[in-house]
Amino acid sequence: MILSKPEDERKQNEKLVTLSVCDVIQEAEDVCTFRLDNQAGLLSPHQPGMFIKVCLDIRGNEVWRSFSISSSPFHPEQIDLTIKRNREGQASNYFFEQVQRGSQIRLKGPLGQFYYDPELHTEPLVLLCAGIGITPMMSIVRYLKDLDQNRSCFLFYGARTHRDIIFDQETRQLMTQLPGFHYFLTLSQPVPHWLGYCGHLNFDFIISRIPQIPSCRFFLCGPREFNQEFSDRLQETGAPSELIHSEQFHKKRKIS
């Protein structure tokens, strides 16, 4: 599958298309995956990590929001959008209250410069994410499985409570399927019987588990402060800036 696109082809991704919702999957508390039917190929194949723009008709107004694709490019016939509900937002509430199987969704894409390219990115991968920031990382990890790539990949995921964990069962299963895949989950507000890692994801926790930081390629996805802190610390530890990719879910592109 050819993933890299010339610039003129990227511009074509701004074309508005309509896809049907073929499934709605409950992932966690206030988190659902909305699976779109792309069997007709109306949406171009994406790079793992990219996003799409969705146009919703909310009370007669066009509301545009961007959502990362969580599915693997290896299966372009379906496009998964894993969305966390924001009780004060417009778009996410619309999805949870109005969108069901058979609903029609207008969208553009795929878009963005935050993506993994297996031909160009040959270094060990380190994926750092918080909350719903795990969605583009799952597209990357699922793609590694589909390609059957036995390469080093470290996924560090910080969630708030056990009710907020997304894709946990699938991700743990991937550790048995991909010898080079390592998964670390930590909860900032664990229940008393939680036996896993506790606290916010922090830099010391990460560097104690990654060999040779300067030789790795990093993907960061979370709030701006999260991305900035880890990017700064990684560079202080010797990671080249060109090997650090950052995608923020606040300020730059609103996903309510």
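What you are looking at is a predicted structure, and each value in this text was computed from that prediction instead of being measured.
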Worksheet, complete the sentence: Residues F34 and I83: closest non-hydrogen pair is CD1-CD1, 3.9 Å
Worksheet item: SG of C22 to CD of Q78: how many Å apart, nearest 0.5 Å?
Response: 6.5 Å
Worksheet, complete the sentence: Shortest non-hydrogen pair, F114 vs C221, comes out as CZ-CB, 4.4 Å
Item to complete: Spell out, yes or no, whether I134 and I25 are grouped together once hydrophobic residues are joined by side-chain heavy atoms under 4.5 Å, including indirect joins.
Response: no
Discussion item. Whether the side chain of R142 engages the backbone of S70 through a donor-acceptor N/O pair (distance < 3.5 Å, no angle test) should be reported.
Written reply: yes
Identify all side-chain donor-acceptor contacts of residues 233-242 below 3.5 Å with residues at least two apart in sequence or on another chain.
{"residue": "Q235", "atom": "NE2", "partner": "S231", "partner atom": "O", "Å": "3.4"}
{"residue": "Q235", "atom": "NE2", "partner": "S231", "partner atom": "OG", "Å": "3.2"}
{"residue": "T237", "atom": "OG1", "partner": "R233", "partner atom": "O", "Å": "2.7"}

Discussion item. Go through it in stages, so that I can follow the logic: the residues are F67 and F51, the test is ring-ring contact (aromatic ring centres under 6.0 Å, His included), and I'd like the CA-CA distance, side-chain angles, deciding distance and then a yes or no.
Written reply: CA-CA 5 Å; F67 296 99; F51 66 92; 9.9 Å; no
Practice prompt. Would you kindly confirm whether F230 and L243 end up in one hydrophobic cluster when ILVMFWY residues are joined by side chain heavy atoms under 4.5 Å apart?
Written response: no
Worksheet item: Are L155 and M137 side-chain neighbours, meaning at least one heavy-atom pair lies under 4.5 Å?
Response: yes
Worksheet item: Does any N or O in the side chain of Q104 come within less than 3.5 Å of the main-chain N or O of G102, such that one atom is a donor and the other an acceptor?
Response: yes
Practice prompt. Evaluate the criterion salt bridge (charged side-chain N to carboxylate O under 4.0 Å, His left out) for residue pair D30 and K84; output intermediate values, then yes/no.
Written response: CA-CA 6 Å; D30 280 346; K84 181 175 177 61; 5.4 Å; no
Worksheet item: Would a distance-only check, ignoring hydrogens and angles, find a side-chain to backbone donor-acceptor pair under 3.5 Å from S92 to R85?
Response: no
Which pairs would a plain distance check flag for residues 172-181, meaning a side-chain donor or acceptor within less than 3.5 Å of a matching protein atom at least two apart in sequence or in another chain?
{"residue": "R172", "atom": "NE", "partner": "D168", "partner atom": "OD1", "Å": "3.1"}
{"residue": "R172", "atom": "NE", "partner": "D168", "partner atom": "OD2", "Å": "3.0"}
{"residue": "T176", "atom": "OG1", "partner": "Q173", "partner atom": "O", "Å": "2.6"}

Item to complete: Could you tell me whether a side-chain N or O of D146 sits under 3.5 Å from a main-chain N or O of F74, the two making a donor and an acceptor?
Response: no
Worksheet item: Please walk me through it: do R209 and F156 pass side chain to side chain contact (heavy atoms under 4.5 Å, CB included)?
Response: CA-CA 10 Å; R209 288 158 176 83; F156 293 88; 4.2 Å; yes
Fill in: Flag for T135-T82: side-chain donor and acceptor within less than 3.5 Å
no
Discussion item. Check whether N227 reaches the backbone of G222 with its side chain - one donor and one acceptor, N or O, closer than 3.5 Å.
Written reply: yes
Item to complete: Dump the intermediate steps for side chain to side chain contact (heavy atoms under 4.5 Å, CB included) on L107 and K53, then the final yes or no.
Response: CA-CA 5 Å; L107 51 90; K53 293 180 180 178; over 6 Å; no
Fill in: Pair D37, Q39: side-chain N/O donor-acceptor within cut-off below 3.5 Å
yes
